[in-house]
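So the structure is just underneath, and the comments pick up after that.
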Number of protein chains: 2
Amino acid sequence: MNNNGLLIVLSGPSGSGKDTVLEKLLKLDDNIVKSISATTRPSRDGEVDGKDYFFVSEEAFCDAISNKTLLEHAKYCGNYYGTSKKVVEKLLNSGQDVVLKIETEGARQIKEKCEDSLRIFILPTSMEVLADRLFKRGTEDKKSLESRLTRAVDEIAYSLDYDYIVINDDADKCARNIYSIINAEKFRVCRMKNIVNEVLNNAKTIDR
Amino acid sequence: MNNNGLLIVLSGPSGSGKDTVLEKLLKLDDNIVKSISATTRPSRDGEVDGKDYFFVSEEAFCDAISNKTLLEHAKYCGNYYGTSKKVVEKLLNSGQDVVLKIETEGARQIKEKCEDSLRIFILPTSMEVLADRLFKRGTEDKKSLESRLTRAVDEIAYSLDYDYIVINDDADKCARNIYSIINAEKFRVCRMKNIVNEVLNNAKTIDR
């Protein structure tokens, strides 16, 4: 158990730049990997099954829910999104740190199931910056933009339930700060107990 | 309060290399400073008052204890050692991160008084390494060496009460890891509340 990787939940409102930050984070350390979610949403142009998402049927997804093989799942805009327990466990057992890029509802479920997980929220510098980013994407009409902003406010209020909150005023800096957090968490006392006990047991041997 | 520095307690058994690690840590960031302790022990050759320690009389020290102007204090080998509350508060209020290099008893007192402090324990890779380092110093006779090792075992057992435990198998690496911890702790939710509330208040202004 001691060499297991860390399970890291990364959330942030739409437009917070979490995809760019995650990309940069993955480049900082080969041992940090992204978990690929399963979804019932149809694939978009350029998306690759098994790389961007595992694209599955609604029937398969509902089976996974009832068989409890998902670590977390949620429904957005009529589509299911979820994380396979097996996929994540395999990565963690191999010692890799696994990042789940999921929404606050999924993060809540992870907290309940995996006490040892680390939850990091990416905060935009201001709502103006967030609105600006969403507007510049050009993929949103006015109504959808407004609904995303309203949702962002709810998500930011919920961020206080996370472990860490990192401002994204610069994607490189934000990624480095998250990397710092992941590194630091490995030295938390709860994760160092075995090593301390080893040193203490070894002291007993010397005494004899 | 938001721009206050962090109070960092750094402990480790005699021979764990904490002095070298602290020196290296201070070189990594000008904003991290060491708090200078007061002591009733006579100064040794080369030691400078106000740099290595504040060398004070036993009377002055006992006055400080009864006037409660110390953040922590303890007695070792007949001499008092302690940290002035005023000195530390001034540094913290100026936004600097303040490191107290103190023993486990002082760390316990700090935990009681300063909930927001960060306690980091430096662990040797093994008791053999620790014994070897103390032996090579050449400053200890056999009896004193044995008593230091016995004490080290007690201190290591107490390390599980700290927040973080960092192995010192390499002083540069150990200093960098401690720096990583200090950086990461600034993003803990408890220290980010004000910033989250600012973003949320600013959202309300946009809505109007």
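When reading the values below, keep in mind they use all heavy atoms of this one structure, side chains included, and skip hydrogens, waters and symmetry mates. Predicted, not measured: the structure shown is a model, and the values here were computed from it.
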statement: Of the listed Thr150(B), Asp163(B), Leu123(B), Leu130(B), the one with the largest count of heavy-atom pairs under 4.5 Å with chain A is Asp163(B)

field: Sorted by number, residues from residues 20-43 of chain B in contact with chain A (heavy atoms, under 4.5 Å)
entry: none

message: To the nearest 0.5 Å, what is the distance between CD1 on Ile165(B) and SG on Cys190(A)?
response: 9.5 Å

query: Around atom NZ of Lys113(B), are there more than 12 heavy atoms of other residues, nucleotides or ligands at under 6.0 Å?
result: yes

message: Tell me the closest heavy-atom pair linking Val189(B) and Tyr162(A), and the distance in Å.
response: CG2-O, 2.9 Å

statement: Greatest number of non-hydrogen atom pairs under 4.5 angstrom with chain A, of Ile167(B), Val199(B), Ile178(B), falls to Val199(B)

message: Quiz question: by atom type and distance under 3.5 Å, do the side chains of Asn183(B) and Ser180(A) form a donor-acceptor pair?
response: yes

- prompt: Given that the side chain runs from C-beta out, which part of Thr125(B) has a heavy atom under 4.5 Å from chain A: side chain, backbone, both or neither?
  reply: backbone

- request: Taking the side chain as every heavy atom from C-beta outward, state whether Asn177(A) and Lys186(B) have any pair of such atoms under 4.5 Å apart.
  value: no

- request: Nearest 0.5 Å please: distance from the CG atom of Leu160(A) over to the CG atom of Leu200(B).
  value: 7.5 Å

message: How long is the straight-line distance from CG of Asn201(B) back to CE of Met127(A), given to the nearest 0.5 Å?
response: 12.0 Å

